[in-house]
Enquirer: 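Got a structure here, written out as structure tokens. Questions coming.
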Amino acid sequence: MVDETEATHRDIETEEAEISLFDAPPIGEQERMVEAILFASSEPVTIRELEGRMPHGCDPAEAIAHLRKRYEGRGVRLVKVGEAWALRTAPDLGYLMQKETIEVRKMSRAAIETLAIIAYHQPVTRAEIEEIRGVSVSRGTIDQLIEMEWIRFGRRKMTPGRPVTFVVTQEFLDHFGLESARDLPGLKELRSAGLLDNRPPPGMGQLSGEDDEDDDQGDLFIEE
Amino acid sequence: MVDETEATHRDIETEEAEISLFDAPPIGEQERMVEAILFASSEPVTIRELEGRMPHGCDPAEAIAHLRKRYEGRGVRLVKVGEAWALRTAPDLGYLMQKETIEVRKMSRAAIETLAIIAYHQPVTRAEIEEIRGVSVSRGTIDQLIEMEWIRFGRRKMTPGRPVTFVVTQEFLDHFGLESARDLPGLKELRSAGLLDNRPPPGMGQLSGEDDEDDDQGDLFIEE
Amino acid sequence: MAEQQQLFNTDRVSVSERLAAEALVVDVGAFEGPLDLLLTLARTQKVDLLQISMVALAEQYLAFVEKAKELRLELAADYLVMAAWLAFLKSRLLLPPDPTEEGPSGEELAAHLAFQLERLEAMRTAAANLMARDQKGRDFFARGIPEDVERVRSVRYTATLLDLMQGYARIRTKDEFRPFVFDREHIDTMERALERMKPLIGYAKEWTDLVMYMPDGWQGDSMRTRSATAATFAATLELVKEGKIELRQGETFAPIQIRRRAPRDG
């Protein structure tokens, strides 16, 4: 579809200038074009560039004048930046834009793994997290997750020492688009979705437990 | 900060309605605010979020209705995306935007069909997708769609094995310019033709209840 | 059989359609499974999918498979499974129904296949319609310069669901995977079973039921019984491999018995 339009566009270019003058879209249409280009562009656009992008015979300067008027007093305004033009939100509404200013950083691997264990095994104690990860969990990791409001303290465990447990929050479910932690896919599903190596690791999917050296043996008990 | 706004909001609610009426900016001003917020964001913004960012007493839904009218026929349009709103350039002007065009990752036929099946049958399990396509869903297809943020995990199905389901996302709706999944082209016709039914093969029970293990001791020794 | 097929083909399928079907053969890799192939073949019948002749379609498919074999093209197993099923369906449709026979009738099976084909085609069309829609980043565009006014520097850490699941998968598939500490009491291992059995098998001159070698106190709780049974059986196989014992089972589900193997047999 785009190709077709392009073709027509090129045809017009090859014809005489006077013809393309007649072809030039009405100014209202040109205004729409400028509006769309300025909106989608990632930087201010010069009149010259507008001219290059719009059909022949267009008068971007004229269209800009109309558009500028249209946006007067609106939440958005058309401003000149050097030799170029850009749409910007009205300065008096800047206070509404606070939410946009947060710097987003990727979580550390340790934090992701800890979070995953809590999500899959909640309620889970710190000792259990360490048992599963095989390394100790730093204080900062837990703190960070709590501060993000992705985990919170759960019920204490009824075991010696009555350790606290961790569970995930509603905030966590919202962020990851989950209805409940039970909706997290299981290992089998992770594997079939291609998120896991297909090779069943030793000790998985079989009842006889840990580290057997013999692969054939293990296979007997893998239901697939 | 959100807490603060909420607290104030609650205070007002307890007071007389007419006071909060005086507090709220005029609707024209609210329209400017919504315009600025939507304009500044490349992602759709929910009414709830608008409410959180605008002064209390505002009615973003009302402001949106006004704004939508204002942008009718312009180069930029106000569109609904699921539960959120966004400004997007008019599709008929796409040809002006070659410079902004993003190279969409090439999708395989399998990925496209899988996406369509998820969109039209959601929430749908992997087994159901495979039943419809008559082939297994290859490794990476689901992965790719999740990575593109076009699908996500939905609620688990209440059938044996409680398989996870897939549903389409807001990003999917945004990408294809859909207000909601109900607006998928031809959905009604497909439904009334019975083509979205989950019809089990004759002589078979439920389709999705494959892999539940029997509690029978004997099963332990059956290789599959 | 092949002869009969040829006859059917000339009767019902025009030359051009046969050529089309042959063209398909060369391109077998292009099909996404047997259902896709069937749908393509069905289209050559040029009728409404619901009115399609399943017998003719089955023949077309079988002819395709034959041709592929002739050309020595590798066909995946599921294509052959479908061929077998279609041959069965065809016989059901052609033969008068046997009232004593169990299961769905040929017509029911044919109707379901027609439904599957129609549904697949509908989804194909839907997919095409979807992709033909105006798309973001191609036909319409989001704001090019999302604005950050008033840079209040606050760092937020984030992760995607994919990160989370991959993180979890990474942990659970570590080579040194260890099960939960609180699960362990319910798990018997092959090593333990071997330790238990090795000193005992010397006494097994006669055939002895394997159940005798189960650890004490592991019956009753089903989870523990399963684990112990599996471990004991695994240990038994290990001992058989080492040539220390023999193993027998009268029939499926009959008790499994073991006996010490005489040293001279080794």
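Chain identifiers are assigned alphabetically (A, B, ...) following the order of the sequence lines, protein sequences preceding nucleic acid strands; residue numbering begins at 1 within each chain. All of these numbers come straight from a predicted model, not from anything done at the bench.
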Enquirer: I'd like to verify something: which residue of B/Leu195, B/Val76, B/Val135, B/Ile117 has the highest number of heavy-atom pairs under 4.5 Å with chain C?
Expert: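 With the most close heavy-atom pairs to chain C, the winner is B/Leu195.
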Enquirer: Look at atom CZ of B/Arg109 and say whether more than 12 heavy atoms of other residues, nucleotides or ligands are closer to it than 6.0 Å.
Expert: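 Atom CZ in B/Arg109 is crowded, with more than 12 foreign heavy atoms closer than 6.0 Å.
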Enquirer: So among B/Glu131, B/Glu128, B/Glu113, which one has a salt bridge (Lys or Arg N to Asp or Glu O under 4.0 Å) with C/Arg119?
Expert: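 Of the listed residues B/Glu131, B/Glu128, B/Glu113, the salt bridge (Lys or Arg N to Asp or Glu O under 4.0 Å) partner of C/Arg119 is B/Glu131.
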Enquirer: Given that the side chain runs from C-beta out, which part of B/Tyr120 has a heavy atom under 4.5 Å from chain C: side chain, backbone, both or neither?
Expert: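 B/Tyr120 touches chain C through side-chain heavy atoms alone.
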Enquirer: Answer with side chain, backbone, both or neither: which region of B/Ala86 has an atom nearer than 4.5 Å to a non-hydrogen atom of chain C?
Expert: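 Neither the backbone nor the side chain of B/Ala86 comes within 4.5 Å of chain C.
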Enquirer: Please state whether the side chain, the backbone, both or neither of B/Ile112 comes within less than 4.5 Å of a heavy atom of chain C.
Expert: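 For B/Ile112, heavy atoms of backbone and side chain both lie under 4.5 Å from chain C.
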Enquirer: Chain C heavy atoms under 4.5 Å from B/Leu196: which part of the residue, side chain, backbone, both or neither?
Expert: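 Contact with chain C is through the side chain of B/Leu196 alone.
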Enquirer: Could you look at C/Leu161 and say if it's the side chain, the backbone, both or neither that has a heavy atom under 4.5 Å from chain B?
Expert: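 Just the side chain, heavy atoms under 4.5 Å.
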Enquirer: Does C/Phe88 reach the side chain of C/Leu109, with side-chain heavy atoms less than 4.5 Å apart?
Expert: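 Of all side-chain heavy-atom pairs linking C/Leu109 with C/Phe88, at least one is under 4.5 Å.
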Enquirer: Please examine the side chains of C/Leu130 and B/Phe172, heavy atoms only from C-beta on, and report whether any two atoms are closer than 4.5 Å.
Expert: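 Yes. Closest side-chain heavy atoms under 4.5 Å.
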Enquirer: Checking heavy atoms, do the side chain of B/Glu171, its backbone, both or neither come under 4.5 Å from chain C?
Expert: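 For B/Glu171, the contact with chain C is made by the side chain alone.
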Enquirer: What residue, out of C/Ala127, C/Gly137, C/Ser105, has the most heavy-atom pairs lying under 4.5 Å from chain B?
Expert: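 The answer is C/Gly137.
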Enquirer: Using non-hydrogen atoms only, which part of B/Ala110 is less than 4.5 Å away from chain C: side chain, backbone, both, or neither?
Expert: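 When you check distances to chain C, atoms from both the backbone and side chain of B/Ala110 fall under 4.5 Å.
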Enquirer: Does any heavy atom of chain C fall under 4.5 Å from the side chain of B/Leu184, the backbone, both, or neither of them?
Expert: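 Only the side chain of B/Leu184 comes within 4.5 Å of chain C.
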Enquirer: Which one of B/Leu190, B/Leu187, B/Asp174, B/Leu115 has the most heavy-atom pairs closer than 4.5 Å to chain C?
Expert: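 The residue among B/Leu190, B/Leu187, B/Asp174, B/Leu115 with the greatest pair count is B/Asp174.
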Enquirer: Should we count CD of B/Glu189 as having more than 12 external heavy atoms under 6.0 Å?
Expert: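 Check passes, neighbour count above 12.
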Enquirer: Assess whether atom CD of B/Glu149 is packed by more than 12 heavy atoms of other residues, nucleotides or ligands within 6.0 Å.
Expert: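 Not more than 12 within 6.0 Å, no.
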Enquirer: Would you find more than 12 non-hydrogen atoms of other residues, nucleotides or ligands less than 6.0 Å from C/Met212 atom CE?
Expert: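 Atom CE in C/Met212 is not packed in, count stays at 12 or less.
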Enquirer: With a 6.0 Å cut-off (strictly less than), is the heavy-atom count around CZ of C/Arg196, excluding the residue itself, greater than 12?
Expert: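 Counting other residues, nucleotides and ligands, CZ of C/Arg196 exceeds 12 neighbours.
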